[in-house]
Amino acid sequence: MTCDPRVLRRPLLVGLIPAVWTVVLGLWGLSRQNSVWRDEAATWQVARRSTGDIVRMLEHVDVVHSLYYLCMHGLFAGFGPSTTVLRLPSVLAVAAAAACVALIGHRLAGAYVGLGAGLALGLLPAVQFYLQEGRPYALVAAGSAVSTLLLVNALRGRARKWTWAAYACAVLVCGWLNWLALLILPAHLITLLWSRAPRGVRVRWAVAAGTATAGVLPLALFSLDQSGQVSWVPPLTWHMMIGPAILLAIGGLGGLLGRRTGTGTGTAPGTGMGTAERTGAAGRTDRTGRADRTDLAGPPDLANRAGRPGPAGTVEPPGPVTGSPSVAAVGLPLLAVPQLGLIGLSLVKPLFVDRYILFSLLGLALLIGALIGRAVDEVARRSRPAARCVLPVLVAVALVALLPQSLAKRSPASRVDDVLAAAERTRQLKHDGDGVLFIPAARRDTWLVTPDAFTGTRDIALAETPEESGTLKGVEASPARVRAAMLAQRRILLVTDATGVARPTRGRRDRTKAEVLATHFTLVSDERIRGRRVAVYERLAPAGGG
């Protein structure tokens, strides 16, 4: 299998191939054996509420995901709740991001760099994890990829009247999906400065970026009142820096080697091969002295720049395209700035969670594409036919090497728990009239996602439903009322976290639940199912009774 030169000459195919590849990776094991974990359960149960109930909830919690919840509500209303509807938007979003990354690489450094970057994106382990996740992070990555592609087009002199408006809209949508996506703006600013963009381009970018920021600012300010939602994020530690350091090292290597070969400098955008092959291809001339461009893979308007006839029949090396940034100038800031920016924010308020800046991996994919371009260059110096095999071979090797991780990320064990498995076990263990308790109250998502599994039972601690209270988990009664309700039950089903997942019980209400169960009930069944625990308790007979 080799890369057909005819494919490399069609930018549309250069973008389409990684998109299809990513969709295939996304559809592979999409249901994860019909499992849904706690983060996805939040999406599921909120999306099933009415629009009014969602808006009421956003006043108290999760406003940062408001746009995403409303979009998923529309999809659930139209197609019904299922793991496919829950995750397919993420699959399509990453596919769109892969297509954009491929087009960026192609326009900056050639088809091999573009194809390599687009195919690499879907194989990155972190991307594979969120490729099949019912949360907004993949959608943020897609919007970030679109905005970066629009920026590159503008830097290459291909901006249209609508380009900057589209750029502002893309950044605005990303910000409304998660306002930390605004970290892409300083990354783009560095790209502008690195590329020595003309003043007019810098001014238009500033207007578009300012407009998008102004549109996101109200959301960001309102969400500060809900900052308690991220109280679980641990403070920044040195060992948390290992991952970003590795990513930056790989990215720096990609940028350095890309620059050394010319694939990372933007000196020959549109060409399909590296320096050696371009020279060899251009060296074949027809009787008029014009270079035969059969093997040039770029668009027609740029291919003719790659091999102009020079003095005495020689071929001049390809020259730079005015204003065209390098792969390094686009990829390194896109990778590094969000990582370093989130680290800086975490010094003030713990926020360092890799999924918040998943879009930074777009930069890593571009720089991996530069590495692949370097490999193609090196092989092309020895054998042009062999050079066409480099990309398929590298992708195949990466796919095999990452297969254990790919399989692991598609199993239920890849997530901390499984809401649907716990609900199904509850369905099997329940008796009509049983009371149900959740410790902590957030484990009520088991009931909220699959209410039919709890038919015939009663949530004995609940005072106000999530819809009534405008919350994710509802409002529970006072500890005294919970205690009285428990003592009135003959049999109680407990849904909680399994050992190793559970955190120490802190709230007075949860301590009351545990104390009453230990003192007045006996454990008759205790099962651990994929990170959750479903236990059955029966009331002890009164002392001296019977």
Would you confirm whether [X], through its side chain, and [Y], through its main-chain N or O, come within 3.5 Å as a donor-acceptor pair?
X: Trp21; Y: Leu119; answer: yes
X: Trp176; Y: Gly215; answer: yes
X: Ser383; Y: Val379; answer: no
X: Gln132; Y: Trp28; answer: yes
X: Gln226; Y: Leu58; answer: yes
X: Arg382; Y: Glu378; answer: yes

**Study point:** Option passing side-chain hydrogen bond (donor to acceptor under 3.5 Å, both in side chains) with Tyr69 (candidates Thr51, Thr43, Asp62)
**Key:** Asp62
Review point. Under the criterion salt bridge (charged side-chain N to carboxylate O under 4.0 Å, His left out), which of Arg410, Arg415, Lys409 is the partner of Glu133?
Key: Arg415
Testing the basics here: between [X] and [Y], what is the closest heavy-atom pair and its distance to 0.1 Å?
X: Ala154; Y: Trp164; result: CB-CZ2, 3.4 Å
X: Ala370; Y: Val327; result: CB-CG1, 4.1 Å
X: Thr163; Y: Leu150; result: CG2-O, 3.8 Å

**Study point:** Flag if over 12 foreign heavy atoms under 6.0 Å of CZ, Arg204
**Key:**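 No - once you tally the heavy atoms of other residues, nucleotides and ligands closer than 6.0 Å, there are 12 at most.
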Check your understanding: Looking at side-chain heavy atoms only, is the closest gap between Val63 and Asp225 below 4.5 Å?
Key ->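 The answer is no, as the side chains (C-beta and beyond) never meet within the 4.5 Å cut-off.
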Point to revise | Side chains of Leu347 and Phe352 in contact at under 4.5 Å (non-hydrogen atoms) | key: no
Check your understanding: Without hydrogens or angle criteria, can the side chains of Arg107 and Asn153 be said to hold a donor-acceptor pair below 3.5 Å?
Key ->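 Yes, Asn153 and Arg107 have a side-chain donor paired with an acceptor closer than 3.5 Å.
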Check your understanding: Hey, are Ser90 and Arg135 close enough side-chain-wise for a donor-acceptor pair under 3.5 Å?
Key -> no
Check your understanding: Is the Tyr137 ring parallel, tilted or perpendicular to the Tyr130 ring (thresholds 30°, 60°)?
Key ->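 Perpendicular: the ring planes of Tyr137 and Tyr130 meet at over 60°.
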**Study point:** Aromatic ring pairing His188/Tyr167, orientation class (parallel under 30°, perpendicular over 60°, tilted between)
**Key:** tilted
Check your understanding: So which of Leu88, Leu131, Thr22 actually passes side-chain contact (heavy atoms from CB on, under 4.5 Å) with Leu27?
Key ->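 Of Leu88, Leu131, Thr22, side-chain contact (heavy atoms from CB on, under 4.5 Å) with Leu27 is met by Leu88 alone.
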Review point. Which of these, Ile184, Leu335, Val101, sits in a side-chain contact (heavy atoms from CB on, under 4.5 Å) with Leu362?
Key: Val101
